[in-house]
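For reference, the structure is listed below as structure tokens.
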Amino acid sequence: MFLNDELESKLKLACTENNYNCDNLFVEFSNAPQLADFQSNIAFFISKTVKLPPIKIAEQLACTLNSKNYENFIFSIAGAGFLNISLTNIGLSYYANKILINKDFCVKKTNTPKLIFLDYGGANIAKSLHMGHLRSPIIGEALNRLYRLLGHKTISDVHLGDWGLQMGLVIASLKSDGILDYYFKGKGNKPQITLDMLNEAYPKASLRMKEDLIFKKTAEDFTLFIQQGKQPYRKVFEEIKSVSITKIKQNYAQLNCYFDLWLGESDAEPFVEQTINIFKEKNLTQDYDGALIVNVAHEGENQPIPKKNDNDKQLYRNPMPPVFLKKSNGADLYDTSDLATIYMRNLQYSPDEIQYIVDERQGTAHFEKIFRAAKMSGISPENQILLHVGYGTMNGPDGKVFKTRDGGSIKLDDIINLVKTKAKDRLTENGIKNDDKTALSIGVAALKFCDLSNTVYKNYIFDVEKFCSFEGKTGPYIQYTGARIKSLLAKTDELDGKILINLNEEKQIVLAIFKFLDSFEACFKNHSLSTLCLSLYEICSAFSTFYNNIKILTQQNKTTRESYISLCKLVLRAIEIGLNTLAIDLPEKM
RNA sequence: GUGCCAUUAGCGCAACUGGAUAGAGCGAUUGGCUUCGAACCAAUAGGUUGCGGGUUCAAGUCCUGCAUGGCACACCA
């Protein structure tokens, strides 16, 4: 916590003076805010080793502490043995000013900066982005910014899905429709491959594959040909890739998501052979019906369960399937490219940590085995952290993965247009001169804040209404508070004054800012932005109360007026830092 | 079948290492714009934290059993 070091050292001193052991000493925000601002439960711990009731111990500590006459704090006791700490107005004012003039807003930087490699986005080439692609870039971008704010270095890679069977499927489908005659038969003019063609081809091919085994085989062959660099397959692949990337970049930019690297699975291809050789040299590979596998199961894992009927699928106790380095037809797989990618990243950047922001469903089992394989082979050095930040699925009202009525998924473009239109209507309704950029930033704020407010690993119910709701605990409410402060500050040119806290309304703002500063650590630890979202809301809520009850610019007393204005600046700065971390814009007017 | 995750107010969600009377938001009811921006503020109602046992001074939180739901489980990504 922001005041932890200071309060804990005071408490430690008091413990020492009373000859108490101060293990387990920590200070937290009060659970009974009507009684105090902070609390410590140290007396409960001390009473385990000392034969005294906790309340007596708390009393002694409070007495010792109060005898020091600290001007910023008052200590008291309550309940069974809580040691309560309140800030005086002098204390509140002191810290408010300290934060205001600090260039980092007193955001605690890390003592051990790391190089963190982030893998998020994960769009697929030849497939337009849909609802299922929302969370990874939103969460990834926010984590990226959080890490940098805390003093870490980061590299972000969009890691496009451009290397699997999907590519073979799309090309096989386009070819059978005659679109690729120029490449395959040398007939006609070079075709302009469009996004619409790709969007149509993939689902069609995907369906066809399930019934048409010859087509499936063709697609698998094509996939292999692309991977082998055979023409014209490779050329068509490159063509499709460049068409897709343009569109994907646009989509991500609308969400304020940017990447240092625009690499894909295919970029690890030059490292595949070396990667596989490492496994072979260490005798980690096995042959499995012509496929090349690595067994990563530990003792007792992946035990086959006897089948009831011969036709049943083989199931396993404590499932932990092997890593597949090569298919029996010689093609590479998801596993192969992920391992080669780790090898490549370590060769080029050797990060301290690699984080994958990937859907829990497709990630949990997969990354566990990939990480095991990477450690077994030494592709990932022992001290490198490999982490899968798995996020929950967006479910429909039935609790299952969200599907539209026709069984499909909503396109990302449609979602963005929806929230943007809704925001635009609202701007017009309020008589504010508006442009597409502002409308987009408000709509996207609603969407992103809604998503980031949820605990990252939990599934949540996708609700269109909620995604574009602008009132209450929402992104636009935060933006609105910021815009209102900006507009107010534009009306005055008074110099900054010292913040002097007197009113409860002011106190609540400062306490909310303490919580805000505290939230970064929790977010870092949990790889989740929900605590930051909440504390940002609490600042805005406290400010709105203040704003409604107190007249700022017309305040007669100059010192008080200047203090109010500085308090506004303090809040605005918090909003700016918070929204910037979440990668949400702050419009001038809305 | 095996494993992982979830279950908290009408709804969708919070609750920091186990701490005090489980919290805001939406929705509902009510009040507040002649005053710095009403995407706002204030107030009221709303709970046996899925069920049972256990550990503890203290359990939504830890352990255990059960119920319900979701997800994953061999050459898709």
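Remember, predicted model here, so these are calculated numbers, not experimental data. Note on naming: letters A, B, ... go to the chains in the order of the sequence lines (proteins, then strands), and numbering restarts at 1 for each one.
In this structure, Q479(A) places its CD atom 12 Å from P of C40(B), rounding to the nearest Å. Atom OH of Y391(A) and atom C1' of A6(B) are 18 Å apart (whole Å). For the pair K515(A) NZ and A15(B) P, the computed distance is 12 Å after rounding to whole Å. For the pair K551(A) NZ and C33(B) C1', the interatomic distance rounds to 12 Å; values are reported in whole Å. Rounded to a whole Å, the NE2 atom of H366(A) is 17 Å from the C1' atom of C4(B). Distance CG (N124(A)) to P (A77(B)): 10 Å, rounded to an integer number of Å. We find that NZ of K48(A) is positioned 11 Å from P of A58(B), with the value rounded to whole Å.
Within 4.0 Å of K589(A), counting heavy atoms only, lies at least one base atom of the nucleic acid. The residue I550(A) sits close to a base: some heavy atom pair falls under 4.0 Å. Nucleic acid contact for L292(A): none, since no nucleic acid atom lies under 4.0 Å from a heavy atom of the residue. In this structure, I552(A) reaches the bases: a heavy-atom distance under 4.0 Å links it to at least one base atom across the strands shown. Nucleic acid contact class of A78(A) (heavy atoms, under 4.0 Å, all strands): base. Residue D338(A) is classed as having no contact, given no heavy-atom separation below 4.0 Å to the nucleic acid. At the heavy-atom level, R426(A) lies under 4.0 Å from base atoms of the strands shown. Counting non-hydrogen atoms under 4.0 angstrom, L489(A) reaches nothing in the nucleic acid. In this structure, M209(A) reaches neither bases nor backbone, as no heavy-atom distance under 4.0 Å exists between it and the strands shown. Contact annotation for Y460(A): backbone-only contact, meaning every heavy-atom pair under 4.0 Å involves sugar-phosphate atoms and none involves a base. Among the heavy atoms of the strands lying under 4.0 Å from N31(A) is at least one base atom, whether or not backbone atoms are also near. Using a 4.0 Å heavy-atom criterion, one finds that Q39(A) contacts the bases of the nucleic acid, with or without backbone contacts as well. Residue E465(A) is out of contact with every strand shown, counting any heavy-atom pair closer than 4.0 Å. Looking at heavy-atom distances under 4.0 Å, K491(A) makes contact with sugar-phosphate atoms alone, never a base.
With hydrogens and angles left out, the side chain of D335(A) and the base of A77(B) share no donor-acceptor pair within 3.5 Å.
Contact check, Y457(A) against A6(B): a side-chain N or O comes under 4.0 Å of OP1 or OP2. Put simply, K466(A) has no side-chain N or O that comes within less than 4.0 Å of OP1 or OP2 on C13(B). The side chain of T545(A) places an N or O atom within less than 4.0 Å of a non-bridging phosphate oxygen (OP1 or OP2) of A42(B). One finds no side-chain N or O of S544(A) lying less than 4.0 angstrom from the OP1 or OP2 phosphate oxygen of C40(B). The shortest distance between the side-chain N/O atoms of Y477(A) and the OP1/OP2 oxygens of C41(B) is below 4.0 Å. Proximity of S530(A) to the phosphate of C13(B): no side-chain N or O atom is located under 4.0 Å from OP1 or OP2.
Of all nucleotides present, none satisfies the Watson-Crick or G-U wobble test against A45(B) with each distance under 3.5 Å. For C4(B), the paired nucleotide is G70(B), the pair qualifying as Watson-Crick or G-U wobble because both relevant distances are below 3.5 Å. Taking a pair to require two hydrogen-bonding distances under 3.5 Å in either a Watson-Crick or a G-U wobble arrangement, C16(B) remains unpaired. Applying the Watson-Crick and G-U wobble criteria (two distances, each under 3.5 Å), A38(B) pairs with nothing in any strand. Across all strands shown, nothing is found opposite A9(B) as a Watson-Crick or G-U wobble partner with both distances under 3.5 Å.
Interatomic distance, D212(A) CG to T218(A) OG1, rounded to the nearest 0.5 Å: 7.5 Å. Rounded to the nearest 0.5 Å, atoms CG (D221(A)) and CD1 (I226(A)) are 11.0 Å apart. S409(A) OG to L129(A) CG: the interatomic distance, rounded to the nearest 0.5 Å, is 10.5 Å. Note that CD1 of I442(A) and CZ of R426(A) are 9.5 Å apart. Values are rounded to the nearest 0.5 Å. With values rounded to the nearest 0.5 angstrom, S519(A) atom OG is found 8.0 Å from I539(A) atom CD1.
Of the candidates N395(A), D451(A), N454(A), T455(A), D451(A) is the only one forming a side chain to side chain donor-acceptor pair (under 3.5 Å) with Y460(A).
Electrostatic pairing of D359(A) and R361(A) counts as a salt bridge here, judged by a charged N lying under 4.0 Å from a carboxylate O. A salt bridge between E301(A) and R372(A) is present, with a side-chain N of the basic residue lying under 4.0 Å from a carboxylate O of the acidic one.
Using modelled atom types and a 3.5 Å distance limit, the side chains of S328(A) and D289(A) yield no donor-acceptor pair. Residues S544(A) and Y477(A) have side chains that bring a donor and an acceptor to within less than 3.5 angstrom of each other. For the 3.5 Å distance criterion, the side chains of T341(A) and D338(A) fail to qualify, holding no donor opposite an acceptor.
Toward the 5' end of RNA chain B, the nearer of the two residues Y537(A) and I461(A), judged by each one's closest nucleotide, is I461(A). Between G161(A) and N526(A), the residue whose closest nucleotide on RNA chain B is further toward the 5' end is N526(A).
Set against G19(B), A39(B), A14(B), the side chain of N41(A) has G19(B) as its closest nucleotide. Side chain of E28(A), nearest nucleotide from A39(B), C41(B), C16(B): C16(B). Side-chain proximity of A32(A) to the nucleotides C16(B), A20(B), C13(B) is greatest for A20(B). Listed nucleotides C40(B), G19(B), C36(B) differ in distance to L553(A); the shortest reach to its side chain belongs to C36(B).
Under the stacking criterion of a centre-to-centre distance below 5.5 angstrom and an interplanar angle below 30°, Y480(A) is not stacked against the six-membered ring of G37(B).
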Please list, pair by pair, any protein nitrogen or oxygen found under 3.5 Å from a nitrogen or oxygen in nucleotides 7-11 of chain B.
{"unit_1": "U7(B)", "atom_1": "OP1", "unit_2": "K458(A)", "atom_2": "NZ", "d": "3.2"}

Using a cut-off of 4.0 Å between protein heavy atoms and nucleotide atoms, how would you tag nucleotides 68-76 of chain B 5' to 3' with B, S and -?
--SSSBBBS

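Nearest heavy atom pair, residue H133(A) against residue N124(A), reads NE2-ND2, 4.3 Å.
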Verify side-chain hydrogen bond (donor to acceptor under 3.5 Å, both in side chains) between N41(A) and E28(A), making sure each step is shown before the conclusion.
CA-CA 9 Å; N41(A) 303 334; E28(A) 58 193 333; 3.2 Å; yes

